[in-house]
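Here is the structure we will look at.
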Amino acid sequence: MNILLATTEAVPFVKTGGLGDVAGALPNELARRGCQVSVVMPAFRHIYQAGRIIEGVDCYFDVPVGSKSIRGRVLKSTLPGDLVTVYFIDQPTYFDRDHLYGVGNKDYPDNCERFVFFSRAVLELVRTLKLPVDILHVNDWQTGLIPAYLRTEYADSDAHEHIASVMTIHNIAYQGRFWHWDMLLTGLDWSHFNWRELEFYGDINLLKAGIVFADAINTVSPTYAKEIQTPKFGCGLEGVLQSRQDRLRGIINGIDESEWNPTTDPHLAMNYTVGNWRQGKSFCKASLQKELHLSPRLDVPLVGMVGRLVQQKGWHLIIPLLESWLQQSDVQWAILGSGDPAYQGPLMELASKYPGKIGVRIEFSNALAHRIEAGSDIFLMPSQFEPCGLNQLYSLKYGAVPVVHATGGLADTIVDHTPDTAASGTATGFAFSHYSVEDLAGALQRALDVYRNDPAGWGRMVETGMLQDWSWTRSAREYQQLYEDALRWRRGNA
């Protein structure tokens, strides 16, 4: 099977979130399973910082964007392991910028134009290089027009007519919504500006385009696939998704065990396995306490948090909890993240007020993220919504017991500690359903009670989590099945 994955992010070239992890790891696993896989993404300025060889290809094409014709050229490299070719669409006016999608909290005003160009350029790449493609796997709104073009302007092209498209929704909150006159940029006929296709409350919606026209759709966990079909989580697209529920799947992301593995992780003070995790985590905990200027006490439980400082991740619950618990509880906290100043300021104030009890780093540090997972006893992840989540999977692998809000992928991956799950040995963490500070505090207190009063039960939970398989091997099998279904549906609709 020949697969071309279209994305705007892929580790190690560019990453802002989970999409980069997926696009960097899934293609390699599919290639190891015998598929012919390549990746195509914009030639953002950041790609040159990855340390990979990037070379030019003798391939140029002109792409219509509205009334203009924009020239693009092709560069290429490989993902680590050299099994997967990565093609870059080079167009400096659109992609040679300091940031990917915008500055601060403001999107670039020409984002629709930029990703209309990229979507068309992907299809021109296939034609110009004569790439054999069975599946064109697109990701998020930036590539949402590709399935629409395949079914309209490129439907009769010899290079494209047999290609099936798969659309992955990584976070439905980001939809690529633009004013209706940007329809002119797409080159699509105005007949497609209707409530069943691209129109969305008077605007155009590029994610909706992908959902409507793709042969198959998936998101990154089974629970999230159900949630986004409801008004609470669907962000206005729940009706469209309900109408295509027979083509919608949920596939949980994997983790890259070549990077996230406490046995081999080069960022840790000591490597460890499920056989010696107590010794290893104690050593890593002491090292983390020293790094974050926490009191050097192995007897105190250490709670870790890593993530973007945005409301979705639950910081509006965490900060009130911290304000109370730092005064009253003998617990340490290790926090890493950056984002909204409304959360950065209070966190730094708490770090200043309670030295030795809380360590805060307002930055992105991949190495420190690894050390927090290894050094923490508990990992806190009270996301308001979470399509899949990766940090809870890293935590399981590293023996940091997760405390999570039971939503999306968190509900699918963490088994709540109850008398029954504790007795059966299936518990892997602690979950709360009602989204409030009180219920978050209750779940965390349950975790601390087991940690302090039932060390044998705690150990069973740690080891159960560490032994689970959340590798990309499992996820890749499910994607292959989805690809086969997409091809079958495509042939049936041809």
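Panel note: side chain K76, backbone I54; no donor-acceptor pair is recorded below 3.5 Å. Panel note: side chain Y224, backbone I172; a donor-acceptor pair is recorded below 3.5 Å. Judged by distance alone, with hydrogens and angles left aside, the side-chain atoms of S329 form no donor-acceptor pair with the main-chain N or O of V331 at under 3.5 Å. N391 places no side-chain N or O within 3.5 Å of a backbone atom of M381 that could act as its donor or acceptor partner.
Note on D330 versus R297: salt bridge recorded, some NZ/NE/NH1/NH2 to OD/OE distance being below 4.0 Å. K232 and E227 are not joined by a salt bridge, as no carboxylate oxygen comes within less than 4.0 angstrom of a charged side-chain nitrogen. One finds no salt bridge joining E373 and K397 here, because no Lys/Arg side-chain nitrogen approaches an Asp/Glu carboxylate oxygen to under 4.0 Å. The existence of a salt bridge linking D416 and R446 is confirmed by a sub-4.0 Å separation between a basic side-chain nitrogen and an acidic carboxylate oxygen. The pair R474-D469 fails the salt-bridge criterion, with no side-chain N (NZ, NE, NH1 or NH2) lying under 4.0 Å from an Asp/Glu carboxylate O.
Checked against a 6.0 Å centroid threshold, the rings of H99 and Y108 do not count as neighbours.
Y451 and W458 have perpendicular rings, their planes meeting at more than 60° on a 0 to 90° scale where under 30° would count as parallel. Aromatic ring pairs are classed by plane angle as parallel below 30°, tilted from 30° to 60° and perpendicular above 60°; the pair F430 and H417 is parallel. Between W260 and H370, the ring planes are parallel. Angles under 30° get that label, and only those over 60° would be called perpendicular.
For the residue pair W141 and M167, the shortest heavy atom distance occurs at N-CE, 4.4 Å. V40 and F118 make their closest contact through O-CZ, 3.8 Å (heavy atoms, listed as atom of the first residue, atom of the second, distance). Residues T8 and M41 come closest through the heavy atom pair O-CE, 3.8 Å. In this structure, T407 and S383 approach most closely via the heavy-atom pair CG2-O, 3.8 Å. When every heavy atom of F88 is checked against every heavy atom of S77, the shortest pair comes out as CE1-CB, 3.7 Å.
For the pairing with C388, the side chain to side chain contact (heavy atoms under 4.5 Å, CB included) check across T413, L410, D412, V220 returns one residue only, V220.
Applying the ring pair (Phe, Tyr, Trp, His ring centres under 6.0 Å) test to every pair with at least one member in residues 17-46, sequence neighbours left out, gives these pairs: F44-F95.
Here the side chains of Q327 and Y354 are in contact, with some heavy-atom distance below 4.5 Å. When side chains are defined from C-beta on, N171 does not count as touching D140, because their heavy atoms never get closer than 4.5 Å. The shortest side-chain heavy-atom distance between S475 and E29 does not fall under the 4.5 Å cut-off.
Under the rule for a side chain to side chain contact (heavy atoms under 4.5 Å, CB included), the partners of D485 that lie at least two apart in sequence or sit in another chain are R249, Q481, R488, W489.
Around atom CD of Q279, no more than 12 heavy atoms belonging to other residues, nucleotides or ligands sit under 6.0 Å away.
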Test log, rule salt bridge (charged side-chain N to carboxylate O under 4.0 Å, His left out), inputs D82 and R52: CA-CA 10 Å; D82 298 326; R52 307 288 296 170; 3.0 Å; yes

